[in-house]
Amino acid sequence: PDFMAGIYAAFGEIDLDPCAKLLSPVIAHRRILLSEGGDGLSDEWSGRLAFVNPPFSELLKWLRRAHDQWRTGMVETVVCLVPVRTDSAWFHNTLSADADIYLLQGRVRFLDSQGKGQHTPFSLMLVALGATGEEKARYEQLVPGYWLARRADAHGAV
């Protein structure tokens with residue numbers, strides 16, 4: 001099954017792919033391409049929904065950028081597909097309180113540069129900022145996995 005089909009069905013059309021690649025299967029109204037001089041880490045984000053599948057070597061930089069662009073209202077919702085890496089202090093202090101985290105069951109198939117399908121060698125998760133309850137419920141019906149409970153802050157709010 002096509003991983004992106006679940007994203008479109010649950011969250012709707014993607015307005016922005018800030019770390020697009022030429023061969024990316026992601027369909028977005030606007031793509032920021034490094035190969036065309038764009039840089040999603042500094043260029044302005046916009047739209048209702050941004051989908052972020054960052055280079056995993058710069059994971060924290062991209063997650064911080066996504067959080068910043070969402071928090072300042074540049075984009076309404078950000079959905080990131082990233083490896084399950086939960087050890088940073090920033091993840092525990094900020095992301096776990098602001099984001100909805102979906103642990104994907106099974107491995108996601110990616111297309112390599114030759115267009116061949118290949119499974120990731122590690123587990124992936126969705127990090128959703130600004131997702132609605134309805135979007136989350138739809139995603140859970142379509143894709144095996146589960147949403148983690150958000151970490152309550154010091155005031156007991158979730």
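Along the sequence shown, residues carry numbers from 1.
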Would you give the length of the straight line joining atom [atom1] of [X] to atom [atom2] of [Y], rounded to the nearest 0.5 angstrom?
X      : Y      : atom1 : atom2 : value
Cys80  : Arg65  : SG    : CZ    : 12.5 Å
Glu44  : Gln69  : CD    : CD    : 7.0 Å
Leu148 : Leu126 : CG    : CG    : 11.5 Å
Gln105 : Leu124 : CD    : CG    : 13.5 Å
Ile14  : Ile27  : CD1   : CD1   : 8.0 Å
Ser24  : Asn53  : OG    : CG    : 7.0 Å

Residues 15-37 vs ring-ring contact (aromatic ring centres under 6.0 Å, His included), sequence neighbours excluded, gives none

How far apart are the closest heavy atoms of [X] and [Y], and which atoms are they?
X      : Y      : result
Ala99  : Val127 : CB-CG1, 3.7 Å
Asp98  : Leu129 : O-CD2, 3.8 Å
Leu81  : Pro54  : O-CD, 3.5 Å
Ala131 : Lys136 : CB-CG, 4.1 Å
Phe56  : Val82  : CE2-CA, 4.2 Å
Pro18  : Val52  : CG-CG2, 3.7 Å

- Is it the case that more than 12 heavy atoms not belonging to Glu58 sit under 6.0 Å from its CD atom?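 Enclosed.
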
| task | Report, as yes or no, whether the 6.0 Å neighbourhood of atom OH on Tyr146 holds more than 12 heavy atoms from other residues, nucleotides or ligands. | result |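 No, the 6.0 Å shell around OH holds no more than 12 heavy atoms from other groups.
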
Give a yes or no on whether [X] and [Y] share a hydrophobic cluster (residues Ile, Leu, Val, Met, Phe, Trp, Tyr; joining criterion: side-chain heavy atoms under 4.5 Å apart).
X      : Y     : answer
Phe122 : Leu59 : no
Tyr139 : Val26 : yes
Tyr102 : Phe3  : yes

Test item: [X] side-chain N/O and [Y] main-chain N/O as donor-acceptor pair under 3.5 Å:
X      : Y      : value
Asp68  : Arg64  : no
Asp17  : Ala28  : no
Trp62  : Leu41  : no
His92  : Thr86  : yes
Asp15  : Ala50  : no
Glu135 : Thr132 : yes
Thr77  : Gly130 : yes

Flag side-chain contact, heavy atom, 4.5 Å: [X] against [Y]:
X      : Y      : value
Trp70  : Glu76  : no
Trp147 : Leu103 : no
Leu104 : Ser123 : no

- Might you work through the side chain to side chain contact (heavy atoms under 4.5 Å, CB included) test for Ser96 and Ile101, ending with a clear yes or no? CA-CA 8 Å; Ser96 64; Ile101 310 286; 6.0 Å; no

- Query: Below 4.0 angstrom, N of the basic side chain to O of the carboxylate: do Glu134 and Arg138 qualify?
  - Reply: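 So Glu134 pairs with Arg138 through a salt bridge.
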
Looking only at the side chains, is there a donor atom on one of Arg30 and Ser46 sitting less than 3.5 Å from an acceptor on the other? yes

Open item on the list: Are Phe51 and Phe11 an aromatic pair, judged by ring center distance below 6.0 Å?
Closed with: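 Ring-ring flag for Phe11/Phe51: false, centres at least 6.0 Å apart.
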
